[in-house]
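Contents: one structure, followed by commentary.
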Amino acid sequence: MQPFVYETEKELITYAKEAEGKYLFEIDKNDTLSNKNIKGKVGHIIEESYFGYSKNSKAEADFADLNIELKATGIIKDKKQQFKAKERLVLNIINYEKEAAADFFSSSYWKKNQKLLLFFYEYTQDDNKKMDAYSTQIVKVDLFQFPEEDLKVVKQDWEIIHNKILDGEAHLLSEGDTMILGACTKGSSAKTVRTQPFSEIPAKQRAYSIKQGYMSTLVRKLISEEHLISITSSKEIAEKSIETVLYNKFSPYFGMSDKEIAAKEDIQLSSGKARVANLISAMLGIKGTNLSQIEEFEKYNIKFKTITMEADGSLNEHMSFENINFEEYATVPWEDSSLKEKFETTKWLFIIFQKNDRGEKVFKNIKLWNMPEETIENELKSFYLQTQKVLNTGVILTKTARGVKNNLPSAQDNPVCHIRPKAKNAEDKVKLPDGQWITKQCFWLDKKVLYKLIL
DNA sequence: GCATGATCATGC
DNA sequence: GCATGATCATGC
């Protein structure tokens, strides 16, 4: 089939939009669907069968005359049955040598990706948890360009990446550096490296990407037609940084107890996990709003956590996270692990309280924190690998007077994180890959790490 | 007195 | 029923 040349943007979009609602099998002319091993199958089928050109990795956009790049991107439903982006949108690979000489508007990112023709498809799985390509449907087609305000943030992100290359620090690039435009690793393994112009140190191969959180806000606006509540503007974030914006919103409440904040904002102080969430939305001036409705929290993947300091400034407890999926830890390589992904991509908003001498919790400070790349590559990685090793050689469970202990990484083994129980009680168990049953365990972030952050 | 195994309470 | 934020509690 000869590729059809689209004279105008409108002509292209009109045709592209006709794909909305179609299933992949309706489009697939070359029976690509039955081929098990094509990565990026959806994009492949759309390019070849729907538009009739072969896949390429040119530096110019797919529809070069119109400067439009075609991208297929998955959406999935979260726990609340709400659509979100399945993953970040990966763009072109960064050639550190070439990119060094560019400015934003002559960069490989801008040249290729300033206009994106997005095909959103719903990602579904079969019984074996593999992608079910036959029931994959194209839900929405949209021509996307960053709105002017977000583009300011994107430009800053690009400058941050660019400056690291110029400083000979391409090997230190990390997802946490930027807000919307990321430099995500791309390659079959961590061993996929490239040269960089101002340092001898090989740098991991990375590609520009639009972060998952940003893609999710796009999905929620375009597809779910949700109205997200914004607490600031991209302009303000570009001028001040999100941490400063948040600090300015919260700082008037520093020194007040949780009860005083609730009284001032006239909200009920619940006793459970909604307690701090309710305080946060009230302090942000949008009381009653679920935090998942806040645009910036979704866009920049901000998750809050509470830290409670004792009156003397010490911390009694490590910080618990979600339960550990031992099956995943045992089988998924570190590079593909959800643990790595989680700490690379989440900005943690720590809401810091300190107990006073009456035992009341006084709001003290906030801190926006990404786990540093070197912590991820060192302590977090060794924690994961150690856990994996123990799981695959067999967990040793020993009955003691205090309960059942195990040889998974403890607080002694790693200064950053460890594994400890979190369950209804000791009998609330899960099956280990070796067939034994263990009290449910979760990931804990060490209070030594937290302590350094709140000083 | 602290590390670490255990468990409560809530909300979806 | 279960995941998760929060905290308890005791043997070493």
Side-chain angles (χ1 to χ4, degrees), chain A residues 77-82 84 257-259 262 267-281 288-293 297 302-329 338-339 342-343 346 348-355 359-364 366 383 386-387 390 395-432 436-451 454:
Chain A
K77 281 183 177 152
D78 65 13
K79 277 177 253 166
K80 294 175 190 167
Q81 294 302 303
Q82 174 173 261
K84 61 169 193 172
S257 72
D258 52 3
K259 281 184 188 140
I267 57 165
Q268 286 294 317
L269 205 52
S270 58
S271 54
K273 21 179 125 166
R275 188 183 179 101
V276 177
N278 291 342
L279 287 171
I280 290 174
S281 57
T289 305
N290 191 309
L291 298 187
S292 68
Q293 290 295 115
F297 279 37
I302 296 171
K303 304 253 161 68
F304 87 89
K305 285 276 192 184
T306 312
I307 298 176
T308 305
M309 296 163 70
E310 299 304 303
D312 64 2
S314 66
L315 295 174
N316 274 357
E317 304 290 345
H318 304 292
M319 180 178 280
S320 77
F321 287 74
E322 73 287 334
N323 273 337
I324 288 186
N325 179 338
F326 289 111
E327 206 55 53
E328 193 201 328
Y329 270 67
S338 55
L339 186 73
K342 183 194 195 82
F343 281 102
T346 311
W348 302 100
L349 173 62
F350 293 126
I351 304 290
I352 305 161
F353 291 96
Q354 183 167 25
K355 287 184 190 161
E360 294 164 332
K361 289 182 179 176
V362 178
F363 187 27
K364 191 145 190 296
I366 63 155
F383 160 83
Q386 192 190 343
T387 306
V390 172
V395 178
I396 301 167
L397 299 171
T398 321
K399 270 204 183 116
T400 69
R402 294 273 299 114
V404 179
K405 71 172 200 169
N406 61 61
N407 60 334
L408 292 161
S410 72
Q412 304 296 325
D413 296 319
N414 192 302
V416 168
C417 51
H418 57 272
I419 290 181
R420 265 184 29 238
K422 179 157 74 176
K424 206 157 144 291
N425 55 46
E427 294 312 306
D428 185 16
K429 295 183 176 187
V430 285
K431 200 174 186 178
L432 287 162
Q436 300 181 88
W437 289 81
I438 190 171
T439 308
K440 287 178 182 167
Q441 307 279 319
C442 85
F443 177 94
W444 295 80
L445 188 62
D446 202 289
K447 61 186 177 189
K448 290 192 285 292
V449 175
L450 303 176
Y451 195 68
I454 60 179

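Quick note on labels: first sequence line is chain A, next is B, and so on, each numbered from 1. Computed from a predicted model, the values in this text were never measured in an experiment.
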Which part of the nucleic acid, if any, lies within contact of [X], taking any heavy atom under 4.0 Å across all strands shown: a base, the sugar-phosphate backbone alone, or nothing?
X	answer
A/K273	base
A/E317	base
A/T400	nothing
A/K399	nothing

Original post:
Does A/F350 have any ring-ring contact (aromatic ring centres under 6.0 Å, His included) partners at least two apart in sequence or in another chain, and if so, which?
Top reply: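 Residues passing ring-ring contact (aromatic ring centres under 6.0 Å, His included) with A/F350: A/W369.
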Subject >> Under the ring-ring contact (aromatic ring centres under 6.0 Å, His included) test, residues paired with A/F297 that sit two or more places apart >> reply: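 Per chain and number, A/F297 pairs via ring-ring contact (aromatic ring centres under 6.0 Å, His included) with no residue.
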**OP:** Assign each of A/N323 and A/K361 to its nearest nucleotide of DNA chain C by heavy atoms, then name whichever residue's nucleotide is nearer the 5' end.
**Re:**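 Its nucleotide being nearer the 5' end, the pick is A/N323.
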**OP:** Would you kindly compare A/A401 and A/K305 by the position of their nearest DNA chain C nucleotide and give the one closer to the 5′ end?
**Re:**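 By nearest-heavy-atom nucleotide position, the 5'-most residue is A/K305.
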**OP:** Starting from the 5' end of DNA chain B, give me the residue, A/N316 or A/A274, whose nearest nucleotide shows up first.
**Re:**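 The residue mapped nearer the 5' terminus is A/N316.
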**OP:** Answer yes or no: is there a donor N or O on one side and an acceptor on the other, between the side chain of A/T346 and the main chain of A/F343, under 3.5 Å?
**Re:**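 No, because the side chain of A/T346 does not come within donor-acceptor range (under 3.5 Å) of the backbone of A/F343.
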Residues forming a side chain to side chain donor-acceptor pair (under 3.5 Å) with [X], sequence neighbours excluded:
X	value
A/E317	none
A/N414	none
A/K405	none

Original post:
If you look only at pairs with a residue in residues 302-314 of chain A, which of them pass as a salt bridge (charged side-chain N to carboxylate O under 4.0 Å, His left out), with sequence neighbours excluded?
Top reply: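 Listed by first then second residue: A/E310-A/K355.
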Subject >> Inter- and intrachain pairs under salt bridge (charged side-chain N to carboxylate O under 4.0 Å, His left out), touching residues 420-431 of chain A, at least two apart >> reply: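 The answer is A/D428-A/K440.
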Subject >> Other residues, nucleotides, ligands: >12 heavy atoms within 6.0 Å of A/K259 NZ >> reply: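 Open.
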**OP:** Identify, residue by residue, the members of residues 411-422 of chain A with a heavy atom below 4.0 Å from DNA chain B, and return them in order of residue number, or none.
**Re:**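 Within this stretch, A/A411, A/Q412, A/R420, A/P421, A/K422 sit under 4.0 Å of the strand.
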**OP:** Shoot me the first and last contacting nucleotide of DNA chain C against chain A, ordered 5' to 3', at under 4.0 angstrom to non-hydrogen atoms.
**Re:**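 Nucleotide range in contact with chain A: C/dA3 to C/dG11.
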Subject >> Listed partners of A/E322 passing salt bridge (Lys or Arg N to Asp or Glu O under 4.0 Å), at least two apart >> reply: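 With neighbours one apart ignored, the set is A/K342.
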Subject >> Counterpart residues, side-chain contact (heavy atoms from CB on, under 4.5 Å), relative to A/V390 (two or more places apart) >> reply: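 If we apply the side-chain contact (heavy atoms from CB on, under 4.5 Å) test to A/V390, skipping adjacent residues, the hits are A/V395, A/N407, A/L408.
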Subject >> Bend angle of the helix from B/dG1-C/dC12 to B/dC12-C/dG1, end axes from five pairs each (to 10°) >> reply: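 The helix from B/dG1-C/dC12 to B/dC12-C/dG1 shows an end-to-end axis angle of 10°.
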